[in-house]
Amino acid sequence: MPTISRRGFLATAISGAAVARCRSINVQSRTRLILLGTGGGPRPRKASSASAQVIVTNDAAYVIDCGDGVARQLVLAGVPLTMIRHIFITHQHSDHNADYGNLMWLAWAAGLSTRVDTWGPPPLEKMTTLFFEMNAYDIDTRISNEGRVSVVPLVHVHEIRDNGAVMSDSNVKVTAALVDHPPVVPAFGYRFDAHDRSIVISGDTAPSDTLVKLARGADVLVHSVMYPPAIDRLVGRVPNAAALKQSILAHQTSAEDAGRIAEAAGVKTLVLSHFVPADDSQVTDQMWTDAAQSRFRGKVVLGKDLLEI
Ligand SMILES: [Zn+2]
């Protein structure tokens, strides 16, 4: 009878453990966060795409906000559009929702044939209905001509109006908090608790206590940021918006305050995103990071399109 050497035994045991580990990874894969668009404001820019993030876990994609170009950003990030399972809108501003309908429509054209739940403030229901109505010609043509399942029954809309639990499934538990974005009401931040990490997306907000509570102890906080000394230059580049400066100052958070909020919430990592202004060469990466880091003892990450955290 052959005897197994100690080295052979160890090799067998180790490869057995590796297989077991792989199996457990398949059951609960690492929860990935990818920034899809990090620029603040709806004006299309060369430097960065409009606001959007995706959390991917166990082959399901949870998209948070749908700024201009979100479908293409997902493709560039290597996330198949057919993986989209849930879409969350933080608030009804065009830099966060311009491609909400387009994302579902184009994902369907790319082969999506499974249920998608969408979550966000009113009038999400009306926006969804009108979007599909507006595009009925193409949708009907593709159903009859290409043999696709109908897209409308795949989409289940849920309007949310208040703080609290939003949804949960085997991958994540999602909680919403009302944030401070006058006059866009309600506006939400979302927290995603997965088996291995917790991720909070602030949406757009002035410094917000409810967001601090939502983010308490989270691993990652993605917070929108502005650089106040540069707002005058930004406003000078945007015609036809006489009250833009007051609006920005009323509903955004400086990078320094984002650091304060991250410190108060006790998060491990603060990710700066939704930069306002997004393309001012006088505000360097170092200036954004230094402003936030001056108030926060944890790790600061400067958000970039397609960066995975
Ligand atoms: Zn906004």
Connected via hydrophobic side-chain network under 4.5 Å: V225 and I231: no
Between S224 (side chain only) and G203 (backbone N and O only), is there a donor and an acceptor less than 3.5 Å apart? yes
Listing request: all salt bridge (Lys or Arg N to Asp or Glu O under 4.0 Å) pairs with a residue in residues 48-57, at least two apart in sequence or in separate chains. none
Between the CG atom in L211 and the OH atom in Y190, the distance rounded to the nearest 0.5 Å is 13.0 Å
Can you check whether F88 and Y100 have ring centres sitting under 6.0 Å from each other? no
V79 to A61 - nearest heavy-atom pair and separation: CG1-CB, 4.1 Å
Path from M83 to V151 over hydrophobic side-chain contacts below 4.5 Å: yes
Applying salt bridge (Lys or Arg N to Asp or Glu O under 4.0 Å), which residue pairs with at least one partner in residues 282-299 are found, sequence neighbours left out? E256-R295, E263-R297, D285-K304
Sequence neighbours left out, what passes salt bridge (charged side-chain N to carboxylate O under 4.0 Å, His left out) with E133? Give chain and number order. none
Hits for side-chain hydrogen bond (donor to acceptor under 3.5 Å, both in side chains) against K126, two or more places apart or cross-chain, chain-then-number order -> none
If hydrophobic clusters are built from ILVMFWY residues whose side chains come within less than 4.5 Å, do V63 and L124 share one? yes
Find out whether W108 and I139 are in side-chain contact, i.e. whether some heavy atom of one side chain is under 4.5 Å from a heavy atom of the other. yes
Shared hydrophobic cluster, V276 / V283 (ILVMFWY, side-chain heavy atoms < 4.5 Å): no
Student check: side-chain heavy atoms of L33 and I199 closer than 4.5 Å: yes
Please give me the minimum heavy-atom distance between G303 and L35, naming the atom from each residue. CA-CD1, 3.5 Å
Which pair of non-hydrogen atoms, one from V300 and one from F296, has the smallest distance, and what is that distance? CG2-CD2, 3.7 Å
Can you sort out the partners of H86 under side-chain hydrogen bond (donor to acceptor under 3.5 Å, both in side chains), two or more places apart, ordered by chain and number? W119
Answer whether the closest heavy-atom distance between the side chains of V222 and V220 falls below 4.5 Å. yes
Decide side-chain contact (heavy atoms from CB on, under 4.5 Å) for V70 and N102; before the verdict, give the C-alpha distance in whole Å, the side-chain angles of both, and the deciding distance to 0.1 Å. CA-CA 9 Å; V70 62; N102 285 337; over 6 Å; no
Under 3.5 Å, is there a donor-acceptor pair between the side chain of D65 and the main chain of T90? yes
Within a strict 4.5 Å, meaning less than it, do heavy atoms of the T175 and V166 side chains meet? no
Tell me, with the steps shown, if V54 and L74 meet side-chain contact (heavy atoms from CB on, under 4.5 Å). CA-CA 8 Å; V54 67; L74 279 163; 3.9 Å; yes
Counting neighbours of CG on D196 that are heavy atoms of other residues, nucleotides or ligands and sit closer than 6.0 Å, is the number greater than 12? yes
I want to check something: taking the side chain as every heavy atom from C-beta on, are L36 and I34 in contact at a cut-off of under 4.5 Å? yes
Shared hydrophobic cluster, M167 / M104 (ILVMFWY, side-chain heavy atoms < 4.5 Å): no
Any side-chain to backbone donor/acceptor pair from T205 onto S208? Under 3.5 Å, distance only. no
If you look at every heavy atom in L106 and A71, which pair is closest and at what distance? CD1-CB, 4.1 Å
Linking directly or through intermediates, with side-chain heavy atoms under 4.5 Å: list the remaining ILVMFWY members grouped with V185, chain and number order. none
Working to the nearest 0.5 Å, report the span between CG of D204 and OG of S51. 6.5 Å
Look up atom CG in D59 and atom OG in S29, then write down how far apart they are to the nearest 0.5 Å. 7.0 Å
Under the criterion ring pair (Phe, Tyr, Trp, His ring centres under 6.0 Å), I'd like the reasoning laid out for F132 against W105: C-alpha separation, chi angles, the key distance, then a yes or no. CA-CA 8 Å; F132 286 127; W105 185 27; 8.5 Å; no
How far does CZ of R260 sit from CG of L270, to the nearest 0.5 angstrom? 13.0 Å
Salt-bridge test for K213 and D209: reply yes if a basic N is under 4.0 Å from a carboxylate O, no otherwise. no
Taking side-chain hydrogen bond (donor to acceptor under 3.5 Å, both in side chains) as the test, write out the residues that go with T57, two or more places apart. none
N163 side-chain N/O to L178 backbone N/O, donor-acceptor pair under 3.5 Å: yes
Selection residues 160-184 - residue pairs positive for salt bridge (Lys or Arg N to Asp or Glu O under 4.0 Å), sequence neighbours left out: E159-R161
For the atom pair CZ (R148) and CG (L112), what is the distance rounded to the nearest 0.5 Å? 10.0 Å
Side chain to side chain, I89 and Q92, heavy atoms closer than 4.5 Å: yes
Tightest non-hydrogen contact, residues I143 and S150, listed as CD1-CA, 3.6 Å
Pair listing, side-chain hydrogen bond (donor to acceptor under 3.5 Å, both in side chains) test, anchored in residues 66-78, at least two apart: none
With side-chain contact (heavy atoms from CB on, under 4.5 Å) as the test, would you mind laying out the steps for V152 and T129 before giving the verdict? CA-CA 9 Å; V152 173; T129 307; over 6 Å; no
Determine whether a donor-acceptor pair (N or O, by modelled atom type, separation under 3.5 Å) exists between the side chain of D257 and the backbone of P207. no
State the CG-CD distance between L130 and E125, to the nearest 0.5 angstrom. 10.5 Å
Is there any ring pair (Phe, Tyr, Trp, His ring centres under 6.0 Å) pair reaching into residues 243-294, and which pairs are they, with sequence neighbours excluded? H93-H251, H96-H274, H181-H251, Y227-W288, F275-W288
Determine whether D140 and R142 satisfy the following criterion, salt bridge (Lys or Arg N to Asp or Glu O under 4.0 Å), listing intermediate values before the conclusion. CA-CA 5 Å; D140 292 344; R142 290 188 193 279; over 6 Å; no
Go through C66 and N97 one step at a time and tell me if the side-chain contact (heavy atoms from CB on, under 4.5 Å) criterion holds. CA-CA 5 Å; C66 296; N97 69 13; 5.6 Å; no
Restricting to pairs with a member in residues 266-282, which pass salt bridge (Lys or Arg N to Asp or Glu O under 4.0 Å), not counting sequence neighbours? R43-D279, D219-K268, R233-D280, R237-D279
4.5 Å side-chain heavy-atom contact, V75 and L81: yes
Report yes if the side chains of T31 and I55 come closer than 4.5 Å at any heavy-atom pair, otherwise no. yes
With no hydrogens and no angle check, is any side-chain donor or acceptor of Q53 less than 3.5 Å from a backbone partner on I64? yes
What are the two closest non-hydrogen atoms of A50 and G41, and how far apart are they? CB-O, 4.5 Å
Residue set satisfying side-chain hydrogen bond (donor to acceptor under 3.5 Å, both in side chains) with D193, at least two apart, ordered chain then number -> R191
How about S48 and D305: does a side-chain donor come under 3.5 Å of a side-chain acceptor? no
